[in-house]
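Residue numbering restarts at 1 for every chain, and letters A, B, ... go by the order of the sequence lines. No hydrogens, no waters, no symmetry mates; every other heavy atom, side chains included, goes into these values.
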Amino acid sequence: MKLSGLIIALGIALLSLALTSINATVTLTNTFTNSYSIYIPGTAIGTLQLSQNATNITTYLLVIHNGEREFVKLPATLYLSPGNWTLMPYNETYYQIVNKVENVTEKTNCGNVTVQKVIKVSVENVTNKLTSPVIVKVNIYRMYLVRDPGLIEVIGISTLIIGIALFVVERFHS
Amino acid sequence: MRYSRSFQVFRMIFRERYREPTLELVLPTMLVANIFLNAYYERSGFQLLGIVLAFVPIISVSETLAFAIGFRNIVYVTGDHIYKGGIISFITTPISRSKIFLYIYISDVIIPLIFWLLTTLAYATMAGISIPPLVLLTFIVGYFFSENIIFTLTLTLRSPGIITLASLFVIGGIFIFGGIGLYYLLLKRSIEELYLLSFMNPYLLWIGQAEGGKFMPIIISGITADALIAIALFVSSFMIFRRLEL
């Protein structure tokens, strides 16, 4: 049985696997209020877009990536690197305009009169729980077929060369 | 170099089935066709669902290729030999019939499976996707189940045309109607009946499992039933082959 043909064919297959990547952009959209986690394999390249559909809210998220903790202020775009990503709310700050009723004493000619007045006060609220959900968009714009394209390329080329050498040997020494 | 007699017969049987361009065409195609594993994995958000979908037969090109080669080996090589009487020259070689049966079975059925397993595992290792062993086992058992049905049909019906039609109807019927029935039962949520049909198409249960259901015991029972039927068919085809009259 001649092995050279098989080895050449496998070399071409490995080379094509190393050189090809899926370029169609895939977007995974999710919302969360408690926590969100996703596993990114080593073959994917993309971004993580975090946003919130609210204008007067400032939210900080705790992003845990492979054990590293980082605080991120929304909206944010993170570059995905392989590994586990976990997003958790850290705190949320928002200003609320509250109508406050106050007793105001006014001096009039007839004496002091106590009047109730409605005053608008803005109150800063800080919570650990999110009131408005966070929108997570995982954009994968490139997906390699193999984890280490360079290594596979080298293996493919060397397999190809071995196959061609074997082919020459089989051709002229039999 | 002189090889043993059994090995010479095995080499003859093997070479007949895998002539010059077969391996060169099949192995690289199987390796490259696994890109669907990556594509589905990406689309599913790197979840189990993508892996399971990429492993469904017909969607998975390499599985279909392995099955097709096994089918071709059984029906158009072994079946043709039995139909035209060419098997006599193998039976008259100085080794026992059971050994010949074993060699034919290995080169017909087991070697395509080994090709598939090697290429898929190599691809999964290169791509960094960890495939649950039970998903692999589901296909392996299902492969033996369907190829053993074809083997038994070949030894009983003998004519290649009739075997092709009969096995297409039997296997297609099992998988398609099993799939329809399981889908209906999954929607109905009747667990007891799912156990009954689970051997017909475990992939549907796998999709249900990946979507968040709890069907693992049903999948395992289905695989076990498949394996038992496959073993029974293997034994029966061995019995038929030993008493084959030509």
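With a 4.5 Å cut-off on non-hydrogen atoms, A/L17 touches chain B through its side chain but not through its backbone. Of the atoms belonging to A/I152, it is side-chain heavy atoms, and not backbone ones, that fall under 4.5 Å from chain B.
Comparing A/L145, A/L28, A/N30 by heavy-atom pairs within less than 4.5 Å of chain B, the highest count is held by A/L145.
Ring geometry for B/Y41 versus B/F46: interplanar angle over 60°, hence perpendicular rather than tilted (30 to 60°). Ring planes of B/F101 and B/F151: perpendicular class, angle over 60° (limits at 30 and 60°).
Defined by atom type and a distance below 3.5 Å, a donor-acceptor pair is missing between the side-chain atoms of A/N112 and A/T105.
When all heavy atoms of A/M143 and A/A44 are compared, the closest pair comes out as SD-CB, 3.9 Å.
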